[in-house]
Novice: 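Dumping the structure here so I can ask a few things about it.
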Amino acid sequence: MSRKASENVEYTLRSLSNLMGEKRRRQPDGSAGSSAAAAGERSLIAAESCSSINSQASGGELERAARRQFQQDETPGFVYVVSVFSALGGFLFGYDTGVVSGALLLLKRELNLGALWQELLVSSTVGAAALSALAGGVLNGLWGRRPCILLSSCFFIAGAALLAAAQDKETLLGGRIVVGLGIGVASMTVPVYIAEVAPPHLRGRLVTINTLFITGGQFFASVVDGAFSYLAKDGWRYMLGLSAVPAIIQFFGFLFLPESPRWLIQKGQTQKARRILSRIRGNQTIDEEYDSIKNNIEEEEKEVGAAGPVICRMLTYPPTRRALIVGCGLQMFQQLSGINTVMYYSATILQMSGVQDDSLAIWLAAVTAFTNFLFTLVGVWLVEKVGRRKLTLGSLTGTTVALIILALGFLLSAQVSPRVTLSPTDPSGQNSTCTNYSYCNGCMLDPDCGLCYKLNKSSVVESSCVPVKKESTMAAAWGRCSNETRFKREELFWAYNFCPTPYSWTTLLGLILYLVFFAPGMGPMPWTVNSEIYPLWARSTGNACSSGVNWIFNVLVSLTFLHTAEYLTYYGAFFLYAGFAGMGLIFIYGCLPETKGKKLEEIESLFENRLCTCGISDSDEGRYIEYIRVKGSNYHLSDNDASDVE
Ligand SMILES: O[C@H]1[C@H](O)[C@@H](O)[C@H](O)[C@@H](O)[C@H]1O
């Protein structure tokens with residue numbers, strides 16, 4: 001049977017099962033109910049074939065009714081509207097983290113920014129995002145998802161206004177921190193909100209759309225950077241201020257969009273929750289979903305209790321502790337495999353592979369961002385076909401290989417590193433360590449030095465290693481390359497942070513392969529999986545912790561990249577990331593269960609076994625199992641109505 005056909009059969013079975021539940025509700029003493037009860041506490045019954053269902057169904061009438069219902073079970077467009085409006089938060093996350101590199105090129109000239117201020121403007125946003133993602137957990141639990149999304153759009157609007165109007169670097173720093181607060185809250189709330197409003201068969205795809213919007217935002221930012229890079233005066237104001245537009249759209253949109261029904265049920269606002277659930281499920285019956293959420297909340301309260309901070313309850317209750325380890329581990333390995341060294345330093349990496357021109361490097365960085373975006377789209381398409389587990393494993397395997405190719409590219413380049421042929425003396429008579437290097441490689445890795453050289457065809461001639469200007473890395477502190485217009489006129493080249501190399505293609509190949517493999521799986525899956533693996537009472541806190549881990553490792557990896565490269569060389573740094581990616585592969589193979597197609601209320605049961613036994617469950621793929629809750633126990637497999645099977 002083709003995959004599509006088998007999916008339809010699954011769906012039909014589910015609809016059939018719904019009907020049987022309804023029928024049984026009318027006849028409380030029905031045989032199916034008692035047979036499920038006989039299965040006892042925590043038993044699982046696999047409904048593997050049509051015949052087992054058919055034997056319980058009362059003939060063709062039921063089947064025809066099921067088919068009718070299946071045909072009507074279309075997902076209403078409203079779910080897509082809600083998802084797209086919330087994913088604007090993802091777009092802003094991508095835009096604001098991506099736009100700064102281009103804005104800095106202009107800012108450092110106009111406001112005379114030194115290296116420290118540049119680093120501050122980049123990392124303050126990421127640092128603020130880490131803090132607000134952690135705080136977002138509490139806010140989500142207290143206020144709900146909708147107010148948190150509205151709050152994040154307010155941060156985005158206020159931050160954009162501050163940045164666009166800034167007259168000094170201190171205001172710029174303030175604006176970047178405010179924007180970071182918005183990014184943190186949005187990054188943890190949006191996936192949770194989408195997961196809670198989406199129907200199970202579309203959940204993976206809709207949450208992955210949020211990451212598509214993140215990478216779309218990064219791509220759009222790189223195009224805006226390219227376009228405004230020609231506007232030497234105030235170009236950065238447009239770059240940084242433009243993000244107010246999607247933020248305003250999101251704010252006004254969300255004034256009319258609903259709260260997550262799951263959160264409302266948890267807070268006891270059941271009538272409102274039912275109304276919203278009917279609105280987002282269109283013509284589908286909501287009783288089963290409503291009951292399942294409600295029963296689940298009651299069970300959870302009984303099992304875990306409601307006293308004490310959520311994080312303590314999560315850590316002492318084994319299934320949520322395991323889910324938290326998996327969720328945080330996924331986010332940590334996402335960042336440790338070096339995505340943001342590639343995203344934030346792509347222009348530098350491209351220059352290393354031989355691209356000399358600044359604007360060309362900016363536009364090529366846009367190509368990098370576009371590749372990331374395009375292949376995230378492949379992830380959106382694949383997530384409901386191959387599932388989260390296989391997609392993540394495949395993606396990380398490819399990412400590891402690509403990192404090794406990148407590292408080999410840098411290794412080859414280092415081995416043919418051009419010799420330094422000239423040794424000029426500092427006009428002030430001071431000794432500089434730069435002039436001691438005999439190969440470009442050593443000179444490039446020293447953050448205080450750069451190479452000034454000429455090209456004869458493609459070989460480097462008349463090269464000298466000299467100190468870089470303190471105020472800007474675009475020119476040397478003294479000598480032939482100390483004045484940009486002069487060295488361009490004299491056909492000299494200035495290489496800061498890179499060496500001219502004939503192996504640029506290997507680096508370029510590694511870079512593209514990296515994104516092709518990373519973007520469909522390791523990019524979106526940590527967000528998608530985290531939005532689904534925690535039970536409702538732990539969902540905000542779980543997502544807050546894992547998003548916090550994502551942002552903390554983001555700062556660690558991106559801030560230490562240049563220093564890591566200095567100590568380990570570029571190829572050493574990429575071999576290190578490949579090593580982390582390899583470790584991530586083992587972790588994911590052992591610990592990540594498949595959550596595809598399961599209801600959010602069913603997923604907790606996947607973490608009831610010891611950690612690192614998930615590899616074994618692969619053989620279950622392709623079997624159709626429906627889990628339901630039976631009163632007084634945890635998860636049983638049968639049809640839909642818990643109240644029937646006491
Ligand atoms: O999933 C996203 C995406 O892959 C982005 O490209 C990256 O910059 C983020 O750090 C990551 O969390």
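Atoms within a ligand are numbered from 1 in the order they appear, just like the ligands themselves. Keep in mind that what you see is a predicted model, and the values were worked out from it rather than measured. Residue indices begin at 1 and follow the sequence shown.
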Novice: Under 4.0 Å from a heavy atom of Gly523: which atoms of ligand 1 are those, numbered in the order shown and with their elements?
Specialist: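 In order of numbering, the contacting atoms are 1 (O), 4 (O).
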
Novice: Work out whether the distance between some heavy atom of Met522 and some atom of ligand 1 is less than 4.0 Å.
Specialist: no

Novice: Are any non-hydrogen side-chain atoms of Gln334 and Phe553 less than 4.5 angstrom apart?
Specialist: no

Novice: Would you mind reporting whether Leu202 and Tyr80 have side-chain heavy atoms less than 4.5 Å apart?
Specialist: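 Side-chain contact under 4.5 Å: yes.
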
Novice: Hey, does the Lys NZ or Arg CZ of Arg321 hover above the aromatic six-ring of Phe607, less than 6.0 Å from the centre and inside 45° of the axis?
Specialist: no

Novice: Flag the pair Tyr193 / Val82 as yes when at least one side-chain heavy-atom distance between them is below 4.5 Å, and no otherwise.
Specialist: yes

Novice: Side chains of Tyr514 and Thr368: closer than 4.5 Å at any heavy-atom pair?
Specialist: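 No - every pair of side-chain heavy atoms lies 4.5 Å or more apart.
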
Novice: To which protein heavy atom is atom 6 (O) of ligand 1 closest, and what is the distance rounded to 0.1 Å?
Specialist: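 Scanning the protein heavy atoms, the shortest distance from atom 6 (O) of ligand 1 goes to Gln218 OE1, 2.8 Å.
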
Novice: Would you please test Phe410 and Tyr571 for ring-ring contact (aromatic ring centres under 6.0 Å, His included) and show each step?
Specialist: CA-CA 5 Å; Phe410 283 116; Tyr571 63 84; 8.5 Å; no

Novice: Under the side chain to side chain donor-acceptor pair (under 3.5 Å) test, which residues partner Ser531, sequence neighbours left out?
Specialist: none

Novice: For ligand 1, which atoms have a heavy atom of Asn550 less than 4.0 angstrom away?
Specialist: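 Answer for ligand 1: 12 (O).
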
Novice: At less than 4.0 angstrom from any non-hydrogen atom of Thr211, what atoms of ligand 1 do you find?
Specialist: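 Near Thr211, the atoms of ligand 1 are 1 (O).
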
Novice: If the cut-off is 4.0 Å to any non-hydrogen atom of Asn340, which atoms of ligand 1 fall inside it?
Specialist: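 Those of ligand 1 that fall under 4.0 Å from Asn340 are 7 (C), 8 (O), 10 (O).
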
Novice: Only heavy atoms of Asn372, strictly under 4.0 Å: list the atoms of ligand 1 that pass.
Specialist: 6 (O)

Novice: Does CZ in Phe220 sit with more than 12 non-hydrogen atoms of other residues, nucleotides or ligands closer than 6.0 Å?
Specialist: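 Result for CZ/Phe220: open.
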
Novice: Tell me whether Phe93 has any N or O atom under 3.5 angstrom from an N or O of ligand 1.
Specialist: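 So ligand 1 has no N or O lying under 3.5 Å from an N or O of Phe93.
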
Novice: Would you mind listing which atoms of ligand 1 come within a distance below 4.0 Å of any non-hydrogen atom of Gln334?
Specialist: 1 (O), 2 (C), 11 (C), 12 (O)

Novice: Within ligand 1, which atoms have a heavy atom of Trp527 less than 4.0 Å away?
Specialist: 1 (O), 2 (C), 12 (O)

Novice: Can you list the ligand 1 atoms lying under 4.0 Å from a non-hydrogen atom of Phe518?
Specialist: 4 (O)

